[in-house]
There are 2 protein chains.
Amino acid sequence: MSEELPSGPKESPPAPRAAPREVWKKGGRLLSVLLAVNVLLFACTLISGGAFNRVAVYDTNVFALLTAMMLLAVLWIFFYLLRTVRCPDADAVPCRDAHAGPIWLRGGLVLFGVCTLVMDVFKTGYYSSSSECQPAVKILYPLTQAVFVIVQTYFLCVSAKDCVHTHLDLTRCGLMFTLTTNLATWMAAVVDESLHQAHSLSSSHGNTSDACLALDMERAGSPVREDCSCNTAVCQIFQQGYFYLYPFNIEYSLFASTMLYVMWKNVGRLLTSSTHGHRHTPSLLSLFRETFYAGPILGLMLFVVGLAIFIVYEVQVSGERGSAQQALVLYYSFNIVCLGLMTLVSLSGSVIYRFDRRAMDHRKNPTRSLDMALLVGAALGQYAISYYSIVATVAGTPRELLAGLSLTHALLMIAQQTFQNVFIIESLHRAPPGAEPHGTAAEEPCHGLTFASPDTLHTLPARPPAPRLVGPSPAGPLGAASVILAPRGHWRCRCLKDISLFLLLCNIILWIMPAFGARPHFSNTVEVDFYGYSLWAAIVNVCLPFGIFYRMHAVSSLLEVYMLS
Amino acid sequence: MSEELPSGPKESPPAPRAAPREVWKKGGRLLSVLLAVNVLLFACTLISGGAFNRVAVYDTNVFALLTAMMLLAVLWIFFYLLRTVRCPDADAVPCRDAHAGPIWLRGGLVLFGVCTLVMDVFKTGYYSSSSECQPAVKILYPLTQAVFVIVQTYFLCVSAKDCVHTHLDLTRCGLMFTLTTNLATWMAAVVDESLHQAHSLSSSHGNTSDACLALDMERAGSPVREDCSCNTAVCQIFQQGYFYLYPFNIEYSLFASTMLYVMWKNVGRLLTSSTHGHRHTPSLLSLFRETFYAGPILGLMLFVVGLAIFIVYEVQVSGERGSAQQALVLYYSFNIVCLGLMTLVSLSGSVIYRFDRRAMDHRKNPTRSLDMALLVGAALGQYAISYYSIVATVAGTPRELLAGLSLTHALLMIAQQTFQNVFIIESLHRAPPGAEPHGTAAEEPCHGLTFASPDTLHTLPARPPAPRLVGPSPAGPLGAASVILAPRGHWRCRCLKDISLFLLLCNIILWIMPAFGARPHFSNTVEVDFYGYSLWAAIVNVCLPFGIFYRMHAVSSLLEVYMLS
């Protein structure tokens, strides 16, 4: 709260002229938001129009628009980098937000960026091998995307923490435009993936490669020709490969969007000190020693079992009908066990926090606010699927095993996401690094962990890490526990680390399954029969990308929780 | 910014124990949001399921759920009123937010509440007159809604400004639940209205009353019987009447929702002083004298012409095909003229602000933040329709008069909403009542209006209202104008009043047309041919309610702008 200064110009004392600068800030924000909204809606119109065969908008229009947008964004990024390099550091970027762009977000961005580049290579190869049947813009698009990904990843790794103070309006508009480009790319990828998935589900008996090529040509508005086929081994590898790499591209766009949003929020922001930025990240190896090993081991076991079940499911569901039923039962059973365990573990984490009297962090932190909003917002996607599922199984007539499993799965999914969100959001607000004014305590945030009652706690802001007596505490249920202070690696601290690692691994396996093509929603006939195929497909295809993003985002948040606790 | 205190318990000094209370606040907010999200998604599932004939969810299920929710909300409101009446005022509600629930919001709430009551009477009459064909819950629903509307309107008129400080969690959850109930009612009303509209469009040749009754019975899951009909004059009046009163019910739910949201934001808030609440609202009559009369007169003319064109449109479109074309051309021409004028007027308002150096209001104000978010958010609905329209007319083949008109209309609609939003948002941040620490200037916010440069402006916080010399100002484009201070009723002040009144009247007529059934989107065949009927109907039916709400909300915001400038 007290961290932010009113942003005044440098040549005069900040107090008297604070107001006019603040005006400009709001105006600039409004303008950039209006720009972004309009560009995004236009892109959205074209993308959704291109998704329907009957509508005379083709995906070549979409690709042309996206290519133009990416080139513009690249130009702006070059302009930004040139300007900040040329200006002396204190003038253009007087301070940096230590919370923005943490190492795991940048690491994830680079990882997904590399996968997107591989996907672009595959796509270029696929379209080139049938270049006489495909319009030129389809080959141009992955090439432009590769350039865009390289430039943007470098830009975000270098500048994610910047609080820019020159050309405020231009910077805001540029950031918002780049953000819009990422969101539009994300939407186009989601639509493309959903259409291919629906197409391969409906035409699973014929030659899948040719069917996909026919779909591509149909969507591009060109007549389907008999001499166009994707029969060579290289072409088929390219086609299958880029299809499996889509989830990484989708995550890349969303990661870049969150980092750009935080940069946009930080434009024009002034921080009192940048001391919080000096905390060095401890190595992962030393951190692993601080757990009970129960969380990571159990999590790894679930991860391996889940991977095996996913492979069995993928093999059997594309096989004959009898084994598909078995695979579905197996798939649902694993998910139910996994979700049940995660719910219990999240709940116990929240219970541990009830006994933990560490101070909360009230400082302004756009990264954390965005994390909270994204966790709650992205959960809506999976919530919606679950509620539709519940209504279908309760109101529908068939009372069989799969309906029961589907109902249990949906109920547990709602409970798990709710309790996990509560746990993560409470964790992110606890014991932040650098909350104490004295630097020593900041690097081991769990040191101050104690059962002391709040009255005594707040009179002792900086305590030595060795155990000592706090003093007499008021009688009550917590009174007996408030005598000693926690030593390094206290059991509560370790428990929280175990919990976050366990949840992290479970979220990864729950991310992998839908992201790489498991769709029990369609193999299980309960909901399809109740809603009809087209309505249910619309619900799942709109909501599932948010559910997948939720898992990914929960993983990065849990990694942060693990580092902080 | 400095208005809000950290909320500590009353028995101890606030500083040391501020943190634990703040924790509780965030936790309580999170819990109530999670509750609201889950209830709303469940209601949303049932409502959307009930909208489709093929899905075995009937509107009786929806009505039963909504009735139960409204009864629960009424119980909670009684509990809240009893508690705040019994507690001494300073304990339960130590302060009141002067910005919350302004007089025009409460007035609008009462007005729309009365219309909703009339609608409930009509509905009860309609369902009772065919009671042997309709399930009992359909008669129970409007009766419960009437009770709910009466109780809630009283509650909001009495308590809208409260900053509650007892039973924080319960109050947050109760407010969120009531808010959810309103949103669910809104969704149900929107779906019901869209279905009836689509049904009466597709079956316009037969007996409309019987067709609607058949639709009602089909949606309730009961078999359509031959002996059920709505042939008596009373039944038909009831049926037609409640259909025309839907827009008011929809607005009532949204008004109540915004007031409940502001109350929810204010739970647990502490304000330093409540002096801003003492500003008396000047009478409307005295305010009218401060305009040039140009705005209201021009606005009234457009309003009357628009009303006439709307009636002609409604009469002719339901007639034969040739006159429908004429009516459409007339309708579009009027809208284009109106939107063009509004764009120019909004732009000139923004230009006036460029010369206006009044200080901005930086205090925390949940009502205003919500207003801004709603204006920008609700505009998305109309934006989306416009962009789909633009794509259809540009990419579609027919180059005729109606396509050109539709394109111009869509482009002007985007420009108008954008510039109007910029104007309103800037106005709401200017010259707030009570921005100056001295009470005298607060009641005539336009007094401080001056061309003075910001350097001199901020050293003179409280000026006498009489014209005087500010002093030498630095040379520059504004230097020459900075010599005199504005007297009462300065031309800029008057201009702003004229502008806001003109925009207000135009927004009312642009609200009336779609709210009472003008659907040029379907009469004009350009978009229907391009997207196909079902896709275009889905786009319009989802987006148009937001567009209608935008107009309504812009009216209330412009009234506020008029009062403040």
Side-chain angles (χ1 to χ4, degrees), chain A residues 1 6 12 15-20 22-23 26-27 30-31 33-34 37-38 41-42 44-46 48-49 52 54-57 61 357 359-362 372 376 379-380 383-384 386-388 390-392 395-397 414 418 421-422 425-426 429-430 454-455 457-459 530-532 535 539, chain B residues 1 6 12 15-20 22-23 26-27 30-31 33-34 37-38 41-42 44-46 48-49 52 54-57 61 357 359-362 372 376 379-380 383-384 386-388 390-392 395-397 414 418 421-422 425-426 429-430 454-455 457-459 530-532 535 539:
Chain A
M1 290 240 171
S12 71
R17 287 189 63 177
E22 201 73 29
V23 174
K26 282 220 169 173
L30 183 63
L31 281 183
V33 167
L34 284 175
V37 158
N38 278 290
L41 273 177
F42 181 61
C44 185
T45 311
L46 277 191
S48 62
F52 291 92
R54 287 164 308 158
V55 179
V57 178
N61 304 124
R357 293 279 168 180
M360 305 297 267
D361 182 20
H362 299 296
M372 280 176 59
V376 176
L380 293 185
Y383 276 164
S386 296
Y387 276 113
Y388 277 105
I390 291 171
V391 168
T397 34
I414 293 171
T418 307
N421 273 349
V422 171
I425 290 174
E426 187 156 12
H429 282 84
R430 291 260 171 180
D455 297 86
L457 182 76
H458 286 272
T459 54
F530 189 77
Y531 293 109
L535 178 60
I539 295 168
Chain B
M1 291 249 170
S12 70
R17 287 189 61 177
E22 201 73 28
V23 174
K26 281 219 166 170
L30 183 64
L31 282 182
V33 167
L34 284 175
V37 159
N38 278 289
L41 273 178
F42 181 61
C44 185
T45 311
L46 278 190
S48 62
F52 290 93
R54 288 165 306 157
V55 178
V57 178
N61 304 123
R357 293 277 167 181
M360 304 298 266
D361 181 20
H362 300 295
M372 279 177 58
V376 175
L380 293 185
Y383 276 162
S386 297
Y387 277 113
Y388 278 104
I390 290 171
V391 169
T397 34
I414 294 171
T418 306
N421 273 348
V422 170
I425 290 175
E426 187 157 12
H429 282 85
R430 291 262 170 178
D455 297 86
L457 183 75
H458 286 271
T459 54
F530 190 77
Y531 292 109
L535 180 61
I539 295 168

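Numbers restart at 1 for each chain; the letters A, B, ... are given by sequence-line order, proteins then strands.
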- Query: Tell me, side chain or backbone of A:Leu380 under 4.5 Å from chain B's heavy atoms, or both, or neither?
  - Reply: both
- Task: Mind running side-chain contact (heavy atoms from CB on, under 4.5 Å) on A:Val57 and B:Phe530 for me, showing each step along the way?
- Result: CA-CA 9 Å; A:Val57 178; B:Phe530 190 77; 3.7 Å; yes
- Task: Take A:Val376 and A:Ile425, measure what side-chain contact (heavy atoms from CB on, under 4.5 Å) needs, and give me the verdict at the end.
- Result: CA-CA 10 Å; A:Val376 176; A:Ile425 290 174; 4.0 Å; yes
- Between atom OH of B:Tyr387 and atom CD1 of B:Ile539, what is the distance when rounded to the nearest 0.5 Å? 15.0 Å
- Proximity breakdown for B:Asn61 and chain A, heavy-atom pairs closer than 4.5 Å: neither
- Message: So which residue, B:Leu41, B:Leu31, B:Asn38, ends up with the most heavy-atom pairs under 4.5 Å with chain A?
- Response: B:Asn38
- Query: When only pairs under 4.5 Å are counted, which of A:Leu535, A:Val422, A:Leu46 shares the most heavy-atom pairs with chain B?
  - Reply: A:Leu535
- Task: Fit a plane to each ring of B:Tyr531 and B:Tyr388, take the angle between them on a 0 to 90° scale, and name the class: parallel (under 30°), tilted (30 to 60°) or perpendicular (over 60°).
- Result: perpendicular
- Does any heavy atom of chain A fall under 4.5 Å from the side chain of B:Ile414, the backbone, both, or neither of them? side chain
- Note on the structure: The reported gap from CE in B:Met372 to CG in A:Leu30 (rounded to nearest 0.5 angstrom) is 6.0 Å
